[in-house]
Amino acid sequence: MNYESVMKLALERAFYFPSCEVYGDAQAGFWEYGPTGVSIKNKFLELWRRELVRRDRMLEIDGSQIMSKSVFEASGHLGNFADPIIKCKKCGSTFRADKLISEIANVEIPESADLEDFDKMIQEKDIMCTKCKGEFDSAKKFNMMFRVGIGPEDVEAYLRPETCQSIFVDFPRLFKTMRGKLPLGIAQVGKSFRNEIAPRQSLLRLREFYQAEIEVFCNPGKLNDLEKFSEIENTTLRIQISDDIQVMTCKEAVDKGVIPNKFVAYYLGLLTEFYEKTGIDMEKSRFRKLGEKEKAFYADVAFDFEVNTTIGWLELVACNYRSDYDLSSHAKKSKEKFEVMDNDEKVLPHVFEISMGIDRSLYTILEHSLREDKENERMVLSIKPYLAPTHVGVLSLVKKDGLLEKTDEIYRLIRTKFDSFLDHSGAIGRRYRRLDEIGAPFAITVDHQTKEDNTVTIRRRDDMAQNRVNISELESILAKETAYP
RNA sequence: GCAGUCAUAGUAUAGCCUGGUUAGUAUUCGGGGUUUCCAACCCUGUGACGCGGGUUCGAAUCCCGCUGACUGCACCA
């Protein structure tokens, strides 16, 4: 389905909707998850925990969203996460100072240069606004981080622009107290905040968004010395090489040098196995190796996991080999020790990061799962049962003849075990359609026969087929059908 | 941030040009009835002009500002 249909469903069924929408001064880039959206998000994260965190024995933490200024001085965000901008005094157009100067005067000034250097060059070269020939105001830094003031003294601090900084600063304590051994994965789910210039397209470009990040700390001398690589060596990856997407196993990718080492390949393999289980159409996915100019300021080698949607390729995960950039910066700034022992060797670990965009992943799952069943005139969200916001609808065929009471009884039996929805009102077909739209994989219907022999029908969402089972079997059937893979 | 288009119930829309209606329609949703296994039908009810200002006797309609959405450019750790 397309963006428009997903958006319509999201609004109608409370998957997600704009934040503060009753007020006129609501700002772009902030969206809320409704009950249906939260339910999918929780299940998606549970799958993530199972397939990555637990599988790989990672440690999960939950850090602060507000972090001190020093953190971002060390991480480089205060310096690098800001763009030098200049604004025309006359028409108000804003430009990237470094880009404009290189375009017009053909002089390269690094974006991290002092602001005075930009002003000087603009004066020297007599650069005017390209739109209205107006004069420029002096250059300013636009930092994408949200600044906050702590306490009555208004002490400078920032909302984190990525969740991983707490993982880095917590690393020494975690390694010691959790009896860490390299390679060690530390994971975190939470919100990050970026003051985007142009937030767009609901969940796809937010100012406040969810990340599920994993930082794997490793011995840089042992990137090809990884026993568990055998677990995924035959997992196939789809990797973009020049203009083609090539399909190859993790092992082949390493042997051919497409991926620099087993360590990186291992995690790209895990990630692939995870996304296969989310129901995203993997035929529409690719890993793309980023060029020098595209990479983040801290990344050595970077692969983006991207998925093709109706609005183009969407970056769902950034996989960055950050080397010792973060740990050495924090070590230097904090004067704490970040080296650890790896057997007899003292090393400052390198970091490989798997930074997942949750909101974008959820959108993609919705887009790839939503389909129109024209034959039966219905919209169906064919989402994996273990990700469905409602597992099962519990319906009475009619309200009278004691069926309502019987239905309530069955609902009470399963409501704490599954996400269940009780519905008595209206035509049975309408109630089935409603469940189809929010992706409930099953519907239990109580009919007259139920009173005679204690059986109910179970209807399957995807093919509308029904079969009759005894009430005593319900729990085990549903448990089996909605279980995580 | 720039440019263009746009903003009316939960959703999708009509009305705006040419100012005056009880703001229409479809669907959804609540209550009731009837039928009972795939959005049927009948009765009934709830529900909207993004926010702020201006013009006018009178503004959903005309004007200005703001906010948002969409598309393109720029940006994107």
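Below, read A as the first sequence line, B as the second, and so on, with proteins coming before strands; counting in each chain starts at 1. Just so it is clear, the structure is predicted and the values come from calculations on it, not from any experiment.
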Which one is paired to A59(B), where only Watson-Crick or G-U wobble pairs with both distances under 3.5 angstrom count? none
Whole-angstrom distance between U46(B) and U5(B), as gauged at atom P: 40 Å
Could you list the protein-to-nucleotides 67-69 of chain B atom pairs, N/O on both sides, closer than 3.5 Å?
from   : atom 1 : to       : atom 2 : distance (Å)
U67(B) : O3'    : Ala26(A) : O      : 3.3
U67(B) : O3'    : Gln27(A) : NE2    : 3.4
U67(B) : O2'    : Gly24(A) : O      : 2.8
U67(B) : O2'    : Ala26(A) : O      : 2.8
G68(B) : OP1    : Gln27(A) : OE1    : 3.3
G68(B) : OP1    : Ala28(A) : N      : 2.9

For a quick check, tell me whether the side chain of Gln466(A) and the base of C37(B) share a donor-acceptor pair closer than 3.5 Å. yes
Pair partner, G19(B) [Watson-Crick or wobble, under 3.5 Å]: none
N/O-N/O pairs, protein side and nucleotides 7-13 of chain B side, under 3.5 Å:
from   : atom 1 : to       : atom 2 : distance (Å)
U11(B) : O2'    : Lys8(A)  : NZ     : 3.4
U11(B) : O2'    : Glu12(A) : OE2    : 3.1

Which one is paired to G45(B), where only Watson-Crick or G-U wobble pairs with both distances under 3.5 angstrom count? C29(B)
Separation of atom NE2 in His424(A) from atom P in G31(B), rounded to whole Å: 11 Å
Have Ser285(A) and Glu306(A) got a donor and an acceptor in their side chains that come within less than 3.5 Å? no
Would you indicate what Ser355(A) reaches in the nucleic acid, counting non-hydrogen atoms under 4.0 angstrom: base, sugar-phosphate, or nothing? nothing
Do Asp300(A) and Tyr325(A) meet the criterion of a side-chain donor-acceptor pair at a distance under 3.5 Å? no
Separation of C38(B) C1' from Glu377(A) CD (nearest whole Å): 11 Å
So what does Pro161(A) touch, heavy atoms closer than 4.0 Å: a base, only the sugar-phosphate, or nothing? base
Working note: Arg207(A) + Phe193(A), criterion side chain to side chain contact (heavy atoms under 4.5 Å, CB included); need CA distance, chi angles, decisive distance, verdict. CA-CA 6 Å; Arg207(A) 287 189 165 126; Phe193(A) 305 83; over 6 Å; no
Taking the six-membered ring of Phe442(A) as reference, does the cationic atom of Arg461(A) (NZ for Lys, CZ for Arg) lie under 6.0 Å from its centre and within 45° of its axis? no
Contact between Ser328(A) and Phe338(A) at the side-chain level, heavy atoms closer than 4.5 Å - yes or no? no
Quick one: which residue pairs count as a salt bridge (charged side-chain N to carboxylate O under 4.0 Å, His left out) with a foot in residues 71-82 of chain A, not counting sequence neighbours? Lys69(A)-Glu73(A), Glu73(A)-Lys333(A)
Minimum heavy-atom distance between Trp31(A) and Phe17(A), given as atom pair plus value: CE3-C, 3.2 Å
Can you check the distance between G20(B) and C2(B), where both ends of the measurement are the P atom (answer in whole Å)? 35 Å
Measure the distance from CE on Met464(A) to C1' on A39(B) and round it to the nearest whole Å. 10 Å
Rounded distance in Å between the C1' positions of C76(B) and C16(B): 39 Å
In terms of heavy-atom contacts, does NZ of Lys451(A) have more than 12 from other residues, nucleotides or ligands at under 6.0 Å? yes
Between Ser425(A) and Met145(A), whichever has its closest RNA chain B nucleotide further toward 5' is Ser425(A)
Check: Thr450(A) side chain, Asp447(A) main-chain N or O, donor-acceptor pair, under 3.5 Å: yes
Taking the ring centre of each residue, are Tyr275(A) and Phe305(A) less than 6.0 Å apart? yes
Identify the nucleotide, in any strand shown, that forms a Watson-Crick or G-U wobble pair with U34(B), with both distances under 3.5 Å; if there is none, say none. none
Rounding to a whole Å, what distance do you find between Met379(A):CE and C38(B):C1'? 17 Å
Glu306(A) CD to C76(B) P, straight-line distance once rounded to whole Å: 15 Å
Roughly how many Å apart are G54(B) and G45(B), using the P atom of each and rounding to a whole number? 38 Å
Kindly state each residue pair satisfying ring-ring contact (aromatic ring centres under 6.0 Å, His included) with at least one member in residues 350-377 of chain A, sequence neighbours excluded. Tyr3(A)-Tyr363(A), Tyr321(A)-His350(A)
For RNA chain B, whose closest nucleotide is more 5', that of Val22(A) or that of Glu315(A)? Val22(A)
How many whole angstroms separate atom CG of Asp401(A) from atom P of C37(B)? 13 Å
Considering only the C1' atoms, how many Å lie between A9(B) and C66(B), rounded to the nearest integer? 24 Å
Would you mind pulling out the nucleotide paired to C51(B), Watson-Crick or G-U wobble, both distances under 3.5 Å? G65(B)
Within 45 degrees of the axis of the six-membered ring of Phe209(A) and under 6.0 Å from its centre: does Lys191(A) put its NZ or CZ there? no
If pairing means Watson-Crick or G-U wobble with both distances under 3.5 Å, then the partner of A3(B) is U71(B)
With no hydrogens and no angle check, do the side chains of Gln240(A) and Arg286(A) hold a donor and an acceptor under 3.5 Å apart? yes
Name the orientation class of the two ring planes belonging to Phe146(A) and Phe30(A) (parallel below 30°, tilted from 30 to 60°, perpendicular beyond 60°). tilted
Answer yes when Asp436(A) and Arg431(A) have at least one side-chain N-carboxylate O distance shorter than 4.0 Å, and no when they do not. no
Tell me yes or no: between the side chains of His391(A) and Glu481(A), is some donor less than 3.5 Å from an acceptor? no
Which whole number of Å gives the distance between the C1' atom of G47(B) and that of A23(B)? 13 Å
Span that lies between the P atom of C75(B) and that of C6(B), in whole angstrom: 28 Å
Quick one, which residues of residues 432-454 of chain A touch RNA chain B with a heavy atom under 4.0 Å? Tyr432(A), Arg433(A), Arg434(A), Glu437(A), Thr445(A), Asp447(A)
For A14(B) and U8(B), measure between their C1' atoms and round to the nearest Å. 10 Å
Just the table, please: protein N/O against nucleotides 34-36 of chain B N/O, every pair under 3.5 Å.
from   : atom 1 : to        : atom 2 : distance (Å)
U35(B) : OP2    : Lys400(A) : NZ     : 3.2
U36(B) : N3     : Leu397(A) : O      : 3.2

Given the structure, check if the side chain of Arg430(A) and the base of C37(B) hold any donor-acceptor pair shorter than 3.5 Å. no
Measure from CG on Leu404(A) to P on G32(B) and round the result to the nearest Å. 11 Å
Taking atom C1' of U71(B) as reference, at what distance in whole Å does atom CE of Met7(A) sit? 16 Å
